[in-house]
Amino acid sequence: MTAATTDRIRLRDIVHAGFKGLPDMPIVLRGLWNLATVKPATALSIGLVIERHAAATPHATALVFEGRQWTYHAFNAWANRIAASLAEAGVKAGDSVAILMENRAETLACVAAVVKLGAAAGMLNHQQRGEVLSHSIGLIAPKVIIVGSECAEALASTPWQPGGEQGALYFWDGSKAAPKGYTDLVKDSAKRSEKNPPSTVAVEARETCFYV
């Protein structure tokens, strides 16, 4: 387990931490790498940088993953829909959102959505189980936990379950039907607004992202 990393976490830190040690992953981060090379002196948050790229070069390729690709406009709209779902669930600036997913495009979209709201994205190690994973989640103290369907077994090994005494809200991301107690993030976000959330402009370039 590692300590939380704070202060001016940028997209390159998320990319490096998320995919470090996985050189064979069939992932190509093209346009999003431009976001990762924002100069350290910038005062722009990750969310605002994404929004500005979407406005300036909406049709440029932002992300390519396993044969799928997203333009800046599409990626920003995707993150906005997820942000709207989380906001409807009560997520706001200062809250923590735990993300338990394998390394895939949806992980980046969820991180972007969380920081657009001024909340902290807690990146959980999907290889952890039982007491270790439970302790990691406890360190984040999440208001919401986003679980990829591929990580259902991992979370099931912990006391962190819908309706549990911890009081967290649970979102499900995957092709399988969402279990009882979860909000289906794909279905819920599909009906949400693609507009940039007003909260993004108030977020400074010092988002917090935990890697546990």
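Computed from heavy atoms alone, side chains included, the values below leave out hydrogens, waters and symmetry copies.
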Do Trp172 and Tyr182 make the cut of ring centroids closer than 6.0 angstrom?
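Yes - the distance between ring centres of Trp172 and Tyr182 falls below the 6.0 Å cut-off.
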Is it the case that one hydrophobic cluster holds both Phe65 and Ile99, taking links as side-chain heavy atoms less than 4.5 Å apart, direct or via other members?
yes
Looking at [X] and [Y], what are the two nearest heavy atoms and their distance?
X      : Y      : answer
Arg192 : Ala84  : CB-CB, 3.6 Å
Val186 : Gly174 : CG2-N, 4.4 Å
Ala79  : Ala113 : O-CB, 3.3 Å
Ser175 : Ser149 : N-OG, 4.2 Å
Ala105 : Leu63  : CB-CD2, 3.7 Å

Quick one, [X] and [Y] - any side-chain contact, counting heavy atoms below 4.5 Å?
X      : Y      : value
Ile145 : Phe171 : no
Phe75  : Leu108 : yes
Tyr170 : Pro162 : yes
Ile146 : Leu86  : yes
Met123 : Val111 : yes
Lys92  : Lys143 : yes
Arg81  : Ser193 : no
Ile140 : Leu124 : yes

So, the side chain of [X] versus the backbone of [Y]: is there a donor-acceptor pair under 3.5 Å, distance only?
X      : Y      : value
Thr71  : Ala74  : yes
Glu150 : Glu102 : yes
Ser134 : Gly130 : no
Ser96  : Pro142 : no
Thr107 : Asn103 : no
Thr158 : Trp160 : yes

Distance (rounded to the nearest 0.5 Å) between [X] [atom1] and [Y] [atom2]:
X      : Y      : atom1 : atom2 : answer
Gln127 : Arg129 : CD    : CZ    : 8.0 Å
Arg52  : Asn76  : CZ    : CG    : 12.5 Å
His135 : Leu133 : NE2   : CG    : 11.0 Å
Leu100 : Asn125 : CG    : CG    : 9.0 Å
Ile82  : Asp173 : CD1   : CG    : 7.0 Å

With side-chain contact (heavy atoms from CB on, under 4.5 Å) as the test, would you mind laying out the steps for Met101 and His126 before giving the verdict?
CA-CA 6 Å; Met101 303 171 72; His126 61 81; over 6 Å; no
SB check Lys116 Glu51 (cutoff 4.0 Å):
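Yes, Lys116 and Glu51 are salt-bridged.
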Is Arg68 salt-bridged to Glu106, going by a charged N under 4.0 Å from an acidic O?
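Judged by the 4.0 Å cut-off on N to carboxylate O distance, Arg68 and Glu106 do form a salt bridge.
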His53 and Ile50: side-chain contact (heavy atoms from CB on, under 4.5 Å), yes or no, with the steps?
CA-CA 5 Å; His53 275 265; Ile50 291 173; 5.9 Å; no
Can a donor-acceptor pair be found between the side chains of Ser85 and Asp188 at a distance below 3.5 Å?
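On atom types as modelled, these side chains qualify, holding a pair under 3.5 Å.
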Lys195 and Asn80 side chains, donor-acceptor separation under 3.5 Å:
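On atom types as modelled, these side chains do not qualify, holding no pair under 3.5 Å.
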